[in-house]
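Below you'll find the structure, written out as C-alpha cells, and then a few comments.
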There are 2 protein chains.
Amino acid sequence: MLNSYSTADKVLLAVDCIIFGFDEEGLKILLIKRDFEPEKGKWSLMGGFLKKEEVLDTAAIRVLNTYTGLQDIYMEQLYTYSEIDRDPVERTISVAYYALINIENHNAELIQNYHAKWFSVSEVPKLIFDHDNMLSHAIRRLRYRTSMRPVGFELLPEKFKMSQLLKLYESILDKEIDKRNFISKINSLDILIKLDEKDMTSSRKGSYLYTFDKEKYDAKLLNHFALNF
Amino acid sequence: MLNSYSTADKVLLAVDCIIFGFDEEGLKILLIKRDFEPEKGKWSLMGGFLKKEEVLDTAAIRVLNTYTGLQDIYMEQLYTYSEIDRDPVERTISVAYYALINIENHNAELIQNYHAKWFSVSEVPKLIFDHDNMLSHAIRRLRYRTSMRPVGFELLPEKFKMSQLLKLYESILDKEIDKRNFISKINSLDILIKLDEKDMTSSRKGSYLYTFDKEKYDAKLLNHFALNF
DNA sequence: TTTATTAGTGTAAAATGTACATTAAATTAA
DNA sequence: TTAATTTAATGTACATTTTACACTAATAAA
C-alpha cells in the first residue's frame, strides 16, 4: 500500500552540520572528536537526530549548539543522504546543513567546548560514515555559490582589508586571482563601504578597512549578481 | 540524549515527484488527482512513503512509476521539507525530487494511467499540502539550472527544430529571447548536429532538424558552460 | 506569377573580462 | 636626513562577449 500512513515504515532522521570558517591561514571547517560509539575518538561533523516535534532547520541549530556552543547560526540545507549502510548501527537518513561563520566572532563560544576543532579544508582527516562525501559536496556548493554572489559577509570580521577579502576568495576557489581585477570587480558591485580607518598591523603604509553595505547588498541580491573569477 | 539510537524518534519519510514536460503549448507539469484521503479528489504531486530498505532516489522512481507508469526516469533531489503540519494526518518529512521528460516519448505510458494529467505551469491548480511551494521551488531551480547549462536534451524529441529549442528556453525562463542571438549562442556551444532532414509541417520553407551531440555535450559539461540569456 | 508564411542569416556598438607593472605611503635602518 | 624596505594602491590597452537590430530566402497555395 503506497499511501497507508499506518503501515508505512518510520526511520531515524538525522542532521549533520558543516561549518565553514576563515582566518589568516585560510578556509577551515569545524569538526568534533566523537566521545561516543560508534567510531568513538574519530573526527566527524556535528550530528544528531531530529525530534518528532521539530523542524529540520531547528534541529540543525540545536545540534550545532549542543556540540559547539554556537548560537544563532543560520544554516542552509545541502542535501539528504540515504544510502542503506551509511550508518552502521541503524538505518538513518541524514539531512546535511552548512553555514559560513566568522571564526573570531565565535571563538569565545568554541573555546569552552570540549572537542570541536578547526581544520584547514586542505588538511581534513578521514571522517566517519559518509561525512567526507558531505563535506566535498558542501565545498562544491560553496564554490558554486561564491561564483554566483559575494559570500564575504559571513566569513570576515566586521571590518576587513581588501587583501583579506581577496584571500578569502582565493581560499574558497582554490586559485590565484589578479589583485587589480579583483578589486575593480568588487568595487563595481558597489556593496562595500571604504572606511577612513587603516589597519597598520601588517604594513608600513597601512591598508584601508572596509565593511559590507548590507542594504545595497540585499537590494542587489534580488538581481542575483554573478561574479566570474 | 543526543546520540542514543534507541531513544531517538522515528518519523515518516515521503518522497514527492515534480515532473516537467514540454510540448507545442509550452512548459508543463504532471499532476495526479488523488483517489484517496486526505484531500481526495484534489490535484497533487506524485508522492509516497520511503520503505525501510530503500534509498531515496529509488523510492522516487518507484513512486513515480506507481502513479504514472513512467519508467527509468532520472530524478534529481530538490529539497527536504519538514514543516510540522505540512501533512495534516501525521508528521511527515518529504524529500522532493524533480525531473525533465519528453512528453511525446512517454505518452504511451501515461495514457494507460488513471489520473495523471499535464498542466501548463502557468495554469497549475491549487495543490495539496505544501506542494505549491515545492513546485515553485522546482521552477526556480529549473530556471537557475537553465542559465548554467543547456537543458534541452531531456525535454525535446530526438529531432527538433531550432525554433522548438528557442521556445523551450523562452518557456522555462518566461521571457522573450532574440532569435538571432539565441541561435548564434547555441551554435557557438557546438553541441548540436544539424541534420539534412527538414520538418515541413509548420512552414512552406521547412526548417532543418537538429539533434544533440551527446558526446560533445558530456565533454563540455566538465567545464560547466554558462548561458546568459 | 503573385502572395503569404515561416526560416535563416550578419554587423556594428557597447560592455565586460583579461593581462600586466609602476607609483605611493610610511617605517626603519644607516 | 636620507636611503632602503615593505606592502598598498592604482590604470590601460586589448580581446572577448553581449546586445540590439532588419532584411532576404525558400516554398506552397491561391
Side-chain angles (χ1 to χ4, degrees), chain A residues 24-26 146-150 152 156-157 159-170 173 175-211 220 223-229, chain B residues 23-26 146-150 152 156-157 159-171 173 175-211 220 223-229:
Chain A
E24 323 78 47
E25 296 170 33
T146 304
S147 68
M148 299 307 288
R149 51 170 138 143
L156 289 175
K159 299 172 181 180
F160 53 87
K161 296 182 287 179
M162 194 56 95
S163 58
Q164 286 176 281
L165 186 61
L166 172 60
K167 186 170 178 199
L168 170 61
Y169 271 79
E170 292 184 324
L173 300 176
K175 67 175 182 185
E176 282 202 2
I177 300 170
D178 181 88
K179 184 173 45 156
R180 282 160 295 182
N181 291 341
F182 179 82
I183 292 172
S184 61
K185 210 166 211 176
I186 291 289
N187 282 335
S188 74
L189 293 177
D190 188 30
I191 53 168
L192 292 188
I193 299 170
K194 186 176 191 168
L195 304 173
D196 278 335
E197 226 170 317
K198 277 192 165 187
D199 174 322
M200 306 303 293
T201 59
S202 68
S203 83
R204 312 239 151 109
K205 184 180 176 183
S207 40
Y208 284 103
L209 290 169
Y210 293 80
T211 50
K220 300 212 170 182
N223 318 315
H224 34 190
F225 28 13
L227 290 94
N228 309 299
F229 293 117
Chain B
D23 65 14
E24 324 78 47
E25 296 169 34
T146 304
S147 68
M148 300 306 289
R149 51 168 136 143
L156 290 176
K159 298 172 182 179
F160 53 88
K161 296 181 289 178
M162 194 57 93
S163 58
Q164 285 176 281
L165 186 61
L166 172 61
K167 185 170 178 199
L168 170 61
Y169 272 79
E170 291 184 323
S171 302
L173 300 176
K175 68 174 182 185
E176 283 203 1
I177 300 170
D178 180 88
K179 184 173 47 157
R180 282 159 298 183
N181 291 341
F182 179 83
I183 292 172
S184 61
K185 208 165 210 175
I186 290 290
N187 281 335
S188 75
L189 292 177
D190 190 29
I191 53 168
L192 293 188
I193 299 169
K194 185 176 190 169
L195 304 174
D196 279 333
E197 227 172 316
K198 276 192 166 188
D199 173 323
M200 305 304 293
T201 58
S202 68
S203 84
R204 313 242 148 108
K205 185 179 176 183
S207 41
Y208 283 104
L209 291 169
Y210 292 80
T211 51
K220 300 210 169 183
N223 318 316
H224 35 189
F225 28 10
L227 290 93
N228 310 302
F229 292 118

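Just so you know, these numbers use all the heavy atoms, side chains as well, and skip hydrogens, waters and symmetry mates. Model, not experiment: these values are computed from the prediction. Note on naming: letters A, B, ... go to the chains in the order of the sequence lines (proteins, then strands), and numbering restarts at 1 for each one.
Rounded to an integer number of Å, the gap from B:F182 CZ to D:dT18 P is 14 Å. Taking atom CD1 on A:I186 and atom P on C:dT16, their separation rounds to 15 Å, with Å as the unit. Straight-line distance from the CE atom of B:M162 to the P atom of C:dG8: 8 Å, rounded to whole Å. Rounded to whole Å, the distance from CD on A:E176 to P on C:dT18 is 15 Å. We find that CG of B:N187 is positioned 11 Å from P of C:dG10, with the value rounded to whole Å. Computed from coordinates, the A:D199 CG to D:dT6 P distance equals 19 Å when rounded to whole Å. B:K185 has its NZ atom 11 Å from the P atom of D:dA20, to the nearest Å. For the pair B:L166 CG and C:dA7 C1', the computed distance is 12 Å after rounding to whole Å.
Scanning all heavy atoms of the two residues, the minimum distance from A:I177 to A:Y169 falls at CD1-CB, 3.8 Å.
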Anything under 3.5 Å between a donor and an acceptor, one on a side chain of residues 187-194 of chain A, the other on a protein residue two or more places apart or in another chain? List them.
from, atom 1, to, atom 2, distance (Å)
A:N187, ND2, A:I183, O, 3.3
A:S188, OG, A:K185, O, 2.7
A:D190, OD1, A:K216, NZ, 3.4
A:D190, OD2, A:K216, NZ, 3.4

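Interatomic distance, B:R180 CZ to B:L166 CG, rounded to the nearest 0.5 Å: 12.0 Å. Here B:D196 contributes atom CG and B:Y208 contributes atom OH; the two are 7.5 Å apart, rounded to the nearest 0.5 Å. To the nearest 0.5 Å, atom OG of residue B:S202 and atom CD of residue B:Q164 are 8.5 Å apart. Considering CG of B:L168 and CG of B:D23, their distance stands at 11.0 Å, rounded to 0.5 Å.
If you check every strand for non-hydrogen atoms under 4.0 Å, B:S184 touches nothing.
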Letter by letter from the 5' end, nucleotides 20-30 of chain C scores (B base, S sugar-phosphate only, - none; protein heavy atoms under 4.0 Å) BB--BBBB---

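With sequence neighbours left out, B:K159 forms a side chain to side chain contact (heavy atoms under 4.5 Å, CB included) with B:L195, B:E197, B:L209, B:T211. Every residue two or more places apart in sequence or in another chain was checked for a ring-ring contact (aromatic ring centres under 6.0 Å, His included) with B:Y210, and none qualifies. Residues forming a salt bridge (Lys or Arg N to Asp or Glu O under 4.0 Å) with A:R204 (at least two apart in sequence, or on another chain): none.
Between A:S202 and A:I183, it is A:S202 whose nearest contact on DNA chain D lies nearer the 5' terminus.
Between its opening and closing five pairs, the helix from C:dT1-D:dA30 to C:dA30-D:dT1 changes axis direction by 20°, a value rounded to 10 degrees.
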